[in-house]
Undergrad: 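Encoded as structure tokens, here's the structure I'll be asking about.
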2 protein chains.
Amino acid sequence: MMMAKRSNDLAEALRRVPLFSKVEPDDVVAMAEHVRELHVERGEILFQKGDQPHGFYILLEGRITLAFPSEQGTERILEVIKPGESFGEALMFLGQPYPIFSQAGVDSRVLDIPEEAITNLLDKDCRLAKRMLAGISIRLHELISNLEACSMRSSAQRVACMLQHAAPSAGTQEYDVQLPAAKHIVASQLNLTPETFSRVLHVLTESGLIEVSGRVIKVLNAEGLRKLQL
Amino acid sequence: MMMAKRSNDLAEALRRVPLFSKVEPDDVVAMAEHVRELHVERGEILFQKGDQPHGFYILLEGRITLAFPSEQGTERILEVIKPGESFGEALMFLGQPYPIFSQAGVDSRVLDIPEEAITNLLDKDCRLAKRMLAGISIRLHELISNLEACSMRSSAQRVACMLQHAAPSAGTQEYDVQLPAAKHIVASQLNLTPETFSRVLHVLTESGLIEVSGRVIKVLNAEGLRKLQL
DNA sequence: CGCTAACTTGACAAATGTCAAAACATGTGG
DNA sequence: CCACATGTTTTGACATTTGTCAAGTTAGCG
């Protein structure tokens with residue numbers, strides 16, 4: 001009884017994930033049998049760099065960061081996963097050890113989808129395959145942007161770029177940006193030290209492009225930010 | 001007559017591409033109807049950054065580089081495609097403008113697979129979908145490695161890393177590496193200026209880890225290279 | 001040969017990181 | 001409401017890394 005109930009809850013949760021929204025309800029229920037819900041506490045590591053993938057994950061609640069480790073703990077955060085998003089699919093398909101580690105930023109609930117569960121479904125439902133293809137393609141595109149930012153742009157350009165992406169709509173000249181996390185987290189995602197990030201913010205403020213108060217950044221002149229990029 | 005012949009040739013070429021090796025012969029023939037073979041001359045641009053994707057490409061012969069452009073022509077080469085490899089799948093699925101451009105390094109022959117040709121097939125053959133998933137996953141993995149190299153490693157570490165990947169088998173202490181292209185191309189892939197690349201090779205030579213003669217690098221002490229990474 | 005392109009070297013400049021200290025914020029218990 | 005402890009952010013002085021520019025050098029090739 002308890003088992004059936006829990007399995008139903010999982011099926012319900014799975015159905016709400018965009019990836020599975022078009023999958024036959026019966027198939028979702030069948031898959032739910034193999035899916036576990038994990039609770040990951042703040043600071044806990046979900047998988048380490050070097051671990052062997054056995055499936056992929058969907059974040060239900062909380063926040064999970066994917067990052068490169070480094071000897072002195074000066075990790076570089078690649079991405080912050082938010083509820084509803086999946087992660088680890090590509091590494092599952094490859095079957096190679098994780099090149100990154102994942103850690104909960106706050107207490108989180110995660111679905112663990114084992115490889116068999118999904119590969120079985122893939123054989124039946126080509127639409128799911130297309131959706132996964134689309135999902136992974138988005139990731140790939142983000143990585144390309146990240147790499148471009150990293151190799152073609154200065155620190156100020158990367159910050160300006162981030163502020164532009166946060167614009168409510170293209171063309172707005174003035175708007176507020178609420179940073180999604182502590183400044184050192186944002187800095188790490190931009191591949192900057194917290195010190196450099198702080199200094200860049202200072203310079204942009206001096207030139208009248210933005211105003212900073214805590215985690216809220218008021219963009220005063222979007223056009224000016226755009227010009228920085230060239 | 002001519003058309004039929006050409007279409008057969010294309011089907012033949014497609015069958016030899018790993019991606020389509022397990023697809024039903026009839027389906028390959030059907031797809032071949034929509035596929036064109038392009039000839040791209042040395043230096044010619046296949047697609048520009050900002051162009052809209054209409055499909056993806058498979059390189060039959062020659063060499064194609066994918067790179068980020070920059071105002072002063074100081075491009076950053078992301079990847080060099082070799083015969084048999086496909087490229088542009090992920091961007092096709094996304095339908096967003098190309099974030100990179102592609103250029104022929106030498107005269108090349110390319111297959112142009114329009115989006116419809118492949119999406120039709122994907123509905124029929126889930127194995128193909130899985131193969132594409134695997135293919136894109138490899139790309140994604142490579143991008144992650146690239147990004148890690150870019151953000152976590154010094155210039156010398158990136159060069160050492162590249163030399164290790166070129167090792168004939170893990171654990172070999174001494175081996176020769178033939179650079180796949182001119183040094184400034186390799187440097188760009190490592191996100192280095194030619195000058196810095198040259199200096200790094202000099203330093204590694206000084207410390208007795210390698211010997212350089214033209215495009216051939218003799219690794220003398222693989223263990224020593226590994227230690228650089230830490 | 002002699003020309004062009006590729007590569008190297010040196011002197012220098014710019015960008016970014018490091019370390020340490022100070023300033024600021026935030027929450028807690030008295 | 002204060003005082004303290006804790007964690008985050010800013011600032012300054014400095015070191016390091018890497019890029020830039022200009023001038024050589026070398027190497028391939030007609």
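Residue numbers start from 1 in every chain, and the chains themselves are labelled A, B, ... in the order their sequence lines are given, proteins ahead of strands. Quick caveat: nothing in here was measured; it's all calculated off a predicted structure.
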Undergrad: I need the CZ-C1' distance between B:Phe197 and C:dC7, as an integer number of Å.
TA: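 From B:Phe197 CZ to C:dC7 C1': 11 Å.
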Undergrad: Could you please name the option among C:dC7, D:dT9, D:dT11 that lies closest to any side-chain atom of A:His202?
TA: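 Among the listed nucleotides, the one closest to the side chain of A:His202 is D:dT11.
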Undergrad: Which nucleotide, D:dG19, C:dT16, C:dT8, lies nearest any side-chain atom of B:Thr196?
TA: D:dG19
Undergrad: Whole-Å distance between C:dA15 P and A:Asn191 CG?
TA: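 To the nearest whole Å, that distance equals 17 Å.
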Undergrad: What's the shortest heavy-atom distance between B:Glu79 and B:Gln189, and which atoms?
TA: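 Where B:Glu79 meets B:Gln189 most closely, the heavy atoms are CA-OE1, 4.5 Å.
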Undergrad: Check A:Leu190 against A:Phe197 and note the closest heavy-atom contact, atom names and distance.
TA: CD1-CE1, 4.0 Å
Undergrad: Describe, in one word, how the ring planes of B:Phe87 and B:Tyr57 are oriented to each other, choosing from parallel (under 30°), tilted (30 to 60°) and perpendicular (over 60°).
TA: parallel
Undergrad: Mind calculating the distance between CZ (A:Arg76) and P (C:dG17) to the nearest angstrom?
TA: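 Between P of C:dG17 and CZ of A:Arg76: 11 Å.
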Undergrad: Give the angle between the helix axes at the two ends of the helix from C:dC1-D:dG30 to C:dG30-D:dC1, taking five base pairs at each end and rounding to 10°.
TA: 30°
Undergrad: How close or far is atom C1' of C:dT9 from atom CD of B:Glu195, stated in whole angstroms?
TA: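 Value for this atom pair: 10 Å.
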Undergrad: Looking at every heavy atom in both A:Pro18 and A:Gly84, which two are closest together, and how far apart are they?
TA: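 So the minimum-distance heavy-atom pair works out to CD-O, 4.1 Å.
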Undergrad: May I have the distance from B:Leu201 (atom CG) to C:dC7 (atom P), rounded to whole angstrom?
TA: 11 Å
Undergrad: Which atom pair, heavy atoms only, marks the closest approach of B:Ile77 to B:Ala67?
TA: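 Taking every non-hydrogen atom into account, CA-CB, 3.8 Å.
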Undergrad: B:Ser86 and B:Ile81: which non-hydrogen atoms are nearest, and at how many Å?
TA: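 In terms of heavy atoms, the two residues are closest at O-CD1, 4.4 Å.
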Undergrad: Measure CG/B:Leu228 against P/D:dT17 and give the value in whole Å, please.
TA: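 Going from CG in B:Leu228 over to P in D:dT17 covers 13 Å.
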Undergrad: Without decimals, in angstroms, what is the distance between B:Arg199 CZ and D:dT16 C1'?
TA: 15 Å
Undergrad: A:His184 NE2 to C:dT18 P: how many Å, rounded?
TA: 15 Å
Undergrad: From the set C:dG17, C:dA6, C:dA11, return the single nucleotide nearest to any side-chain atom of A:Thr193.
TA: C:dG17
Undergrad: Do A:Pro180 and A:Val80 have side-chain heavy atoms sitting under 4.5 Å apart?
TA: no
Undergrad: Whether B:Ser154 contacts D:dT17 is assessed here as follows: a side-chain N or O lying under 4.0 Å from the phosphate OP1 or OP2. Is that the case?
TA: no
